[in-house]
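Counting from 1, the numbers follow the sequence of the chain as shown. Small disclaimer: the values here were computed from a predicted structure and weren't measured.
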Amino acid sequence: MVKLKVKIFNLEKVINVFVVDDKDFPYEFLIGLDCIYKFKLRQDENGRISQNENKENQEKKERNRITEKNKYEVNFNENINDNTFDAEYGHLNIQEKTEIRKLIEKYKTVFAKDKYDVGTVRDYEAHIELILDKYCYKRPYRCTIEDRREIESQIDKLLDRGLIEESYSPFAAPVTLAYKKEDNRKSRLCIDFRELNKIVVPQSQPFPLIEDLMVKTVNCKYFTTLDINSAFWSIPLKIQDRYKTAFVTQEGHFQWTCLPFGLKTSPAIFQRILSNIIRKYKLNDNAVNFIDDIIIFSKTFNDHLKHISGLLEAILEEGFRLKFTKCKFARNYAKYLGHIISDNSIKPLKDYLAAVKEFPTPKTKKNVRQFLGKINFHNKFIPRNAIILDPLHNLLRKDVRFNWTQECQEAFKKIRELMCAEPILKIFDPEKKIEIFTDASIEGLGAVLKQKDEKEISRPVAYFSKKLKDYQKKRKAIYLECLAIKEAVKYWQHWLMGREFVIYSDHRPLENMNIKARPDEELGDLMFYLSQYNFKIIYNPGKFNQEADCLSRNPVLEPHENEEDCLKVVNMTTIQEIKKDQDENQDIKRNNNRIIVREGIYMKKSKKKEKIVVSEKLGKKIIEDVHKLFCHLGKTQMQNKITEVYCGKNLLTNIKKFCENCEVCIRNKTRRKPKYGLMSQLGPPEKPFEIVSIDTIGGCGGSRSTKKYLHLLVDHFTRFAYILTSKTQNAGDFKKLINKVLTSYKIQTILTDQYPGINSKEFKEYVNSERIELIFTAVDAPFSNGINERLNQTLVNKIRCKINEKDQKLAWTTIAKQCVEMYNNTEHTVTKFTPRYLLEGKQLEILPPELEPIFSGENLEKDREIAFLNTIKSHNSNKERFDKNRKILELKVGDQVYVENGNKLNRKKLEELRIGPYKVLKRISKSIYEIDTGHKKPESNKFHITKLSPVAGVN
């Protein structure tokens with residue numbers, strides 16, 4: 001008997017099942033009476049089985065349905081900027097635009113609220129089949145604190161939406177974060193399924209071809225493109241296959257309940273399911289999908305409305321959600337499958353022959369030699385090649401000086417034309433094997449896509465070359481070679497997705513992608529991108545790879561090309577923008593005697609200089625552009641640069657406001673900020689052990705002892721200290737330390753930093769059983785436990801001195817006990833009494849016993865009162881000094897703040913200094929606030945005011 005998780009219709013339960021060890025047993029699974037009862041099954045007179053849900057369950061389900069529906073009551077028209085809408089739909093009249101808006105409003109429930117709002121597709125389940133019966137397991141990757149928080153946050157959201165579940169699987173793939181183009185920060189959760197992909201049985205599925213689309217879109221004038229939100233997550237995964245998708249983080253072990261990204265077969269599975277749904281609803285004559293991208297095309301506007309409505313209805317019915325920001329409605333063109341499709345016109349977005357057509361004219365003999373090395377591969381297809389190439393061959397002779405003549409240029413031009421035409425060039429055939437030859441050099445990347453003809457001779461289909469960015473030129477060879485593969489695959493992705501192909505590289509370590517899991521983050525990101533394609537890499541020695549080598553050393557495409565969202569530096573503003581701005585803002589011209597007109601531009605004389613007058617709106621745009629272009633200039637430099645040529649309403653105020661509110665600057669600049677927060681105090685205690693604090697000193701091992709840690713407990717009233725030395729830092733150690741006190745005294749409150757051992761469930765249950773209140777200091781704020789921090793320094797100094805005395809042969813643990821004993825018998829600078837005397841009324845005198853009576857006469861109760869007053873006096877003196885030049889900041893619930901990004905010792909040099917903004921959840925004291933950073937444990941969300949930077953506008 002074994003326990004299995006079984007789902008029948010809408011119910012999922014863990015049940016006991018018997019395993020029948022009989023090859024002749026005819027059934028995979030038999031349902032008994034116990035299962036019929038548990039899963040509420042019934043059978044009608046026609047033999048159909050259904051699930052009988054009682055009235056209460058039906059009502060609950062209806063309530064959930066209404067709640068779910070209400071969640072989507074969002075006016076998505078608010079996301080349409082009227083100006084943008086009019087610009088993109090200039091070919092539509094007012095009535096047609098209104099109809100599109102009505103359609104969006106009608107089906108607004110189909111649009112996702114966020115990336116985790118994916119819905120669940122009905123009647124379809126994904127299956128993962130393995131070639132080998134073996135497990136793939138890897139340890140979790142190390143990551144920064146900020147990345148770890150981001151991973152935990154996304155895992156919580158995936159768990160909350162039921163997209164993943166906790167796992168006990170023997171499979172475990174590591175996770176990491178990759179950069180997301182929308183915000184250029186590491187926020188895309190990636191599962192490294194490379195080991196699993198090696199043993200997954202590939203699934204073949206035809207993908208749409210542009211040639212087929214050409215036929216379907218004849219005479220079509222209206223095009224809509226839709227994008228499925230977090231597409232693969234919409235597809236449920238069979239229960240028996242979920243364990244294969246297990247992955248590990250620093251915090252736990254999980255597995256997918258839906259089709260994950262990064263799995264080799266995910267694109268083919270999703271393509272099959274969505275194309276079947278389009279066919280099921282008889283929409284395939286006017287709609288095609290390429291994985292999660294759908295295109296709808298129609299000849300008339302009324303037909304287009306019907307086609308869009310039909311597809312949105314199908315998507316809603318089947319359980320998908322759409323990403324609104326990526327949906328484009330009723331345009332007169334569409335970008336699809338690497339082409340621009342419009343009325344009876346299909347033009348490729350990329351010129352796949354540009355790498356040869358625009359091959360740079362050789363400037364040295366070396367360049368000529370490289371070019372001829374490429375041509376040699378195809379000499380047999382070039383008629384009279386020796387005659388055509390003779391001027392170029394002449395340049396390579398020993399005694400001939402390099403002189404690029406008109407004859408050389410004509411030969412070079414002729415050969416380039418032949419390389420991009422028959423009989424050398426072959427037309428891409430989706431049915432034939434695809435081979436890609438790649439190479440990288442210090443100048444750029446190069447690749448050739450080839451297919452074999454009827455005589456089994458490899459012929460080029462397309463060429464690719466691209467220049468490197470400056471920072472990429474400094475990378476290692478393995479990174480550049482892998483980048484060449486990635487960029488080539490991305491360049492020809494519409495030919496390669498869903499098909500098997502071979503890549504030839506002259507870099508042996510890349511063969512079969514046999515590189516370590518995560519040698520560096522950027523290389524790992526390249527491998528993640530490639531893992532979704534079905535291909536293998538074969539080592540190809542350099543002497544057989546001269547074509548790709550030639551292209552990589554003479555690249556054509558600029559570094560930003562072949563990127564979906566490339567960053568281009570443009571002029572910040574144009575003269576047309578300034579004229580338009582001044583025409584639309586008549587106030588600029590009125591009631592101002594200092595206005596001057598220069599070449600149609602209104603200017604004002606200020607401080608003997610003529611400056612362009614701009615409206616507040618254009619001024620804000622210029623401020624933003626200057627700030628970003630000049631790498632986040634400061635306020636003073638911004639004012640100097642902008643006010644040199646521009647003037648306008650509130651210009652200086654807006655510069656100051658923009659610089660103070662720039663999120664990038666707040667997160668990353670080591671700018672001076674006001675010192676917030678006054679000194680506060682826990683207590684003060686009026687008797688022994690009313691308040692104690694705990695801390696740990698690490699790194700003590702090696703001095704004649706295997707123990708590494710010194711744990712301290714100090715009483716805030718008497719300043720009496722207890723210590724415990726140990727090899728570990730777990731809950732058991734801290735319990736032993738506290739038990740030393742509890743044998744004689746009762747503790748009311750413990751103040752401590754957030755050590756894992758103290759923050760554990762075991763320790764919290766222990767202090768609760770002893771009726772002790774546990775108070776944690778704020779995150780990364782050791783000064784909140786100042787008494788312990790000062791004691792740490794005192795004891796470490798004493799132990800260090802004793803250990804380094806001449807001829808000292810004792811273990812550090814023995815010396816530590818001696819030092820704490822002497823500390824407890826030494827007068828404290830704050831209380832003016834020894835801790836032992838205030839606790840026990842005993843003194844360790846340095847007098848001869850005979851003289852002790854002369855100096856006696858203590859009154860313990862009176863001395864404790866004096867010690868209490870001395871403590872208050874010391875605190876007030878420190879507070880006066882601390883509070884000087886500090887600013888009071890009172891935050892309210894709901895305010896937005898930035899939080900310091902962990903301890904600077906654990907932070908990389910170029911990591912963000914502050915993270916956020918986050919919402920203030922609760923004010924705990926004048927100095928401590930609870931912030932919504934997403935941590936599971938509430939104490940990890942408590943921050944000291946000195947670690948917070950309020951968003952501008954918060955006082």
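Ion pairing between Glu443 and Lys473 fails under the 4.0 Å rule for side-chain N and carboxylate O. Looking at Glu152 and Arg149, no side-chain N of the basic residue comes within less than 4.0 Å of a carboxylate O on the acidic one, giving no salt bridge. With respect to the salt-bridge test (charged N to carboxylate O, under 4.0 angstrom), the residues Asp117 and Arg321 qualify.
Put simply, the side chain of Gln639 reaches to within 4.5 Å of the side chain of Leu652, judged on heavy atoms. Asn759 places none of its side-chain heavy atoms less than 4.5 Å from the side chain of Thr752. Here the side chains of His627 and Cys659 are in contact, with some heavy-atom distance below 4.5 Å. Between Asp753 and Phe776, every side-chain heavy-atom pair lies at or beyond the 4.5 Å cut-off. In this structure, Gln472 and Tyr479 have side chains that are in contact, with non-hydrogen atoms separated by less than 4.5 Å. Proximity of Ile928 to Phe943: side-chain heavy atoms (C-beta onward) are nowhere separated by under 4.5 Å. Side-chain atoms of Lys323 and Ile228, non-hydrogen and from C-beta on, never get closer than 4.5 Å to each other. Residues Arg923 and Tyr929 meet the side-chain proximity criterion, which asks for heavy atoms closer than 4.5 Å.
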I would like to know whether Glu644 and Lys611 meet salt bridge (Lys or Arg N to Asp or Glu O under 4.0 Å); could you show each step before the answer?
CA-CA 7 Å; Glu644 182 75 15; Lys611 300 179 181 180; over 6 Å; no
Audit row: Leu921, Glu930, side-chain contact (heavy atoms from CB on, under 4.5 Å) steps and yes/no:
CA-CA 5 Å; Leu921 296 178; Glu930 185 175 343; 4.1 Å; yes
side-chain contact (heavy atoms from CB on, under 4.5 Å), that's the test. Do Tyr116 and Lys157 meet it? Break it down for me.
CA-CA 7 Å; Tyr116 303 99; Lys157 290 173 184 174; 3.4 Å; yes
Hey, mind stepping through Val614 and Asn585 against side-chain contact (heavy atoms from CB on, under 4.5 Å) and telling me if it holds?
CA-CA 9 Å; Val614 294; Asn585 295 274; over 6 Å; no
side-chain contact (heavy atoms from CB on, under 4.5 Å) evaluation trace for Lys106 with Lys102:
CA-CA 6 Å; Lys106 178 181 177 182; Lys102 283 182 181 177; over 6 Å; no
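Formation of a donor-acceptor pair under 3.5 Å by the Glu96 side chain with backbone atoms of Asn93 is found in this model. The backbone N or O of Asp293 sits less than 3.5 Å from a side-chain atom of Tyr336, completing a donor-acceptor pair. Under a 3.5 Å cut-off, the side chain of Gln582 and the backbone N or O of Val613 do form a donor-acceptor pair. Proximity of a side-chain donor or acceptor of Asp227 to a complementary backbone N or O of Lys326 within less than 3.5 Å is not detected. Asn229 contributes a side-chain N or O that, together with a main-chain N or O of Asp114, makes up a donor-acceptor pair within less than 3.5 Å. Between the side chain of Asp895 and the backbone N or O of Leu891, no donor-acceptor pair lies under 3.5 Å.
If you take OG on Ser153 and CG on Leu158, they are separated by 9.5 Å, rounding to the nearest 0.5 Å. To the nearest 0.5 Å, atoms CG (Asn788) and CG (Leu751) are separated by 8.0 Å. In this structure, OG1 on Thr653 lies 8.5 Å from CD on Glu616, to the nearest 0.5 angstrom. Considering CD1 of Ile612 and CD1 of Ile622, their distance stands at 7.5 Å, rounded to 0.5 Å. Remark: Ile151 CD1 to Gln250 CD distance equals 8.0 Å, nearest 0.5 Å. In this structure, Lys328 NZ and Thr224 OG1 are separated by 11.5 Å, a value rounded to the nearest 0.5 Å.
In this structure, a donor-acceptor pair under 3.5 Å is absent between the side chains of Glu789 and Gln793.
A pairwise comparison of heavy atoms in Phe111 and Cys327 identifies CE2-SG, 4.3 Å as the closest pair. Taking all atoms of both residues into account, the shortest heavy-atom contact from Leu468 to Gly444 is CG-CA, 3.7 Å. The heavy-atom pair separating Leu651 from Gly619 by the smallest distance is CD1-CA, 4.2 Å. In this structure, Ser230 and Phe261 approach most closely via the heavy-atom pair C-CZ, 3.9 Å. The minimum heavy-atom distance linking Asn654 with Lys649 is given by the pair ND2-O, 4.1 Å. In terms of heavy atoms, Pro950 sits closest to Val897 at CA-CG1, 3.9 Å.
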